[in-house]
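Encoded as structure tokens, the structure appears first; notes follow it.
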Amino acid sequence: MKMKKYTLQPSQMPFDLDITLSCGQVFQWVRHEEIWTGIVKNSIITIRQNGKTLEYDGCKETDLINYFNLNFEIEKVTESIRNSIAQTTGTIPDLLFETALSVAQGLRIIRQDPWECLVSFICSQNSNIPAITKRINLLSQQYGNSLQDGWFGIPDPLSLTQAPVDKIRGCSTGYRASYLTDTASYISENPDFLSGLSVLEMKDARILLLNLSGVGPKVADCVLLFAYNYYQAVPVDVWIRKIITKGYPDLIFQAGSRKEPSYDQIADYCRNYFGYYAGYAQQLLFAARNSLITKHNT
DNA sequence: ATCCAGGTACCCA
DNA sequence: TGGGTACATGGA
């Protein structure tokens, strides 16, 4: 098959397609022998990377650049994070961050569709990534938009609203089923809600997201980061909690207590320590979690 | 088999 | 405001 080509410019490097699509920010992309297939704006996209060449099909070049955030200048961002670390502690290099960077170099925060992101992370709670992927695929196959070749997009709000809750539960969603139908119902009735968030300050958008059923601090921060690219959003899951508390124990000792730090304490610590792009730093740490946390070191 | 996972809602002091 | 608990399911 013939594919279009896009050559990454020096300012667009590094870019790593594999890490970007498999680091837990998006769940419906599938890889078969170097070629990734996924759905962007209701179209099936195929893409493969060979060094600085991207071969792709199914979308326009501008869509490719926008979706993969190719003009996000990673080198400048890592420099910003390193500067913030140095300013905060004066100790560089930071071994934890540098290790994450070496493992997950080229990771990009993509520009994911807000509704897809919201549904995905409501589904994500208290589950591991393979289970989340399965769950989202079941939902899509049963209530999603049918595309070609057996591909199904995330169900739109109305489809989920009209589906019986027990059928949604049947898609391995468990107790999350009512969260999904309640939130879908709200978005159906307020179709401009999600697009309206993009013009708000992050904290205001976050407050609105937290009103949705099944959306707490973690899910809200994932949506703010992965769909709206608010880099001050720092999702704190069990992995990030472990990495930060074990990697930067001064967070605990500084407070003078041994009790587990709160969600906000960890997120605030990251914002202060990593600076403006704390959310990006967080995703590097998450992507490198298996290298940063060993099983005998939990 | 047992533990754990990209948590949240709800209750109670 | 903060701490404890139930919750469905499946992967490792």
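Heavy atoms only: backbone and side chains are in, while hydrogens, waters and symmetry mates are out. Protein chains get the first letters and strands the later ones, always in sequence-line order, with residue 1 at the start of each.
A donor atom on one side chain and an acceptor atom on the other are found under 3.5 Å apart for A:Ser127 and A:Arg176. Counting only N and O atoms by type, the side chains of A:Asp268 and A:Tyr263 include no donor and acceptor under 3.5 Å apart. Of the N and O atoms on the side chains of A:Tyr269 and A:Asp250, at least one donor lies less than 3.5 Å from an acceptor on the other residue.
Under 4.0 angstrom from either OP1 or OP2 of C:dT9 there lies no side-chain N or O belonging to A:Ser172.
Across all strands shown, A:Tyr263 has no heavy atoms under 4.0 Å from either base or sugar-phosphate atoms. Within the nucleic acid shown, A:Ser213 comes within 4.0 Å of sugar-phosphate atoms alone, with no base atom in reach, counting heavy atoms only.
Using a cut-off of 4.0 Å between Lys/Arg side-chain N and Asp/Glu carboxylate O, A:Arg31 and A:Asp18 are scored as salt-bridged. A salt bridge links A:Arg206 with A:Asp221: the distance from a Lys NZ or Arg NE/NH1/NH2 to an Asp or Glu carboxylate oxygen falls below 4.0 Å.
Take the nearest nucleotide of DNA chain B for A:Val215 and for A:Arg289: the residue whose nucleotide is more 5' is A:Arg289. Each of A:Leu210 and A:Gln25 lies near DNA chain B, and the nucleotide nearest A:Gln25 is the one positioned closer to the 5' end.
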Using atom names, set out every protein N or O paired with an N or O of nucleotides 1-6 of chain C below 3.5 Å, distance rounded to 0.1 Å.
from, atom 1, to, atom 2, distance (Å)
C:dG3, OP1, A:Lys259, NZ, 3.3

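When each of B:dG6, B:dA5, C:dC7 is scored by its nearest atom to the side-chain atoms of A:Val238, the top-ranked nucleotide is B:dA5. Checked against B:dT8, B:dG6, B:dA5, the side chain of A:Pro235 finds its nearest nucleotide in B:dG6.
Aromatic ring pairs are classed by plane angle as parallel below 30°, tilted from 30° to 60° and perpendicular above 60°; the pair A:Tyr175 and A:Tyr179 is perpendicular.
Judged by distance alone with a 3.5 Å cut-off, no donor-acceptor contact links the side chain of A:Tyr179 to the base of B:dG7.
Within residues 126-142 of chain A, the residues having any heavy atom under 4.0 Å from DNA chain C are, by residue number, A:Asn126, A:Asn128, A:Pro130, A:Lys134.
Between A:Leu212 atom CG and B:dT8 atom P there is a gap of 12 Å when expressed in whole angstrom units. In this structure, A:Tyr280 atom OH and B:dG6 atom C1' are separated by 18 Å, rounded to whole Å.
By the stacking rule of 5.5 Å between ring centres and under 30° between planes, A:Trp239 does not stack on the base of B:dG6.
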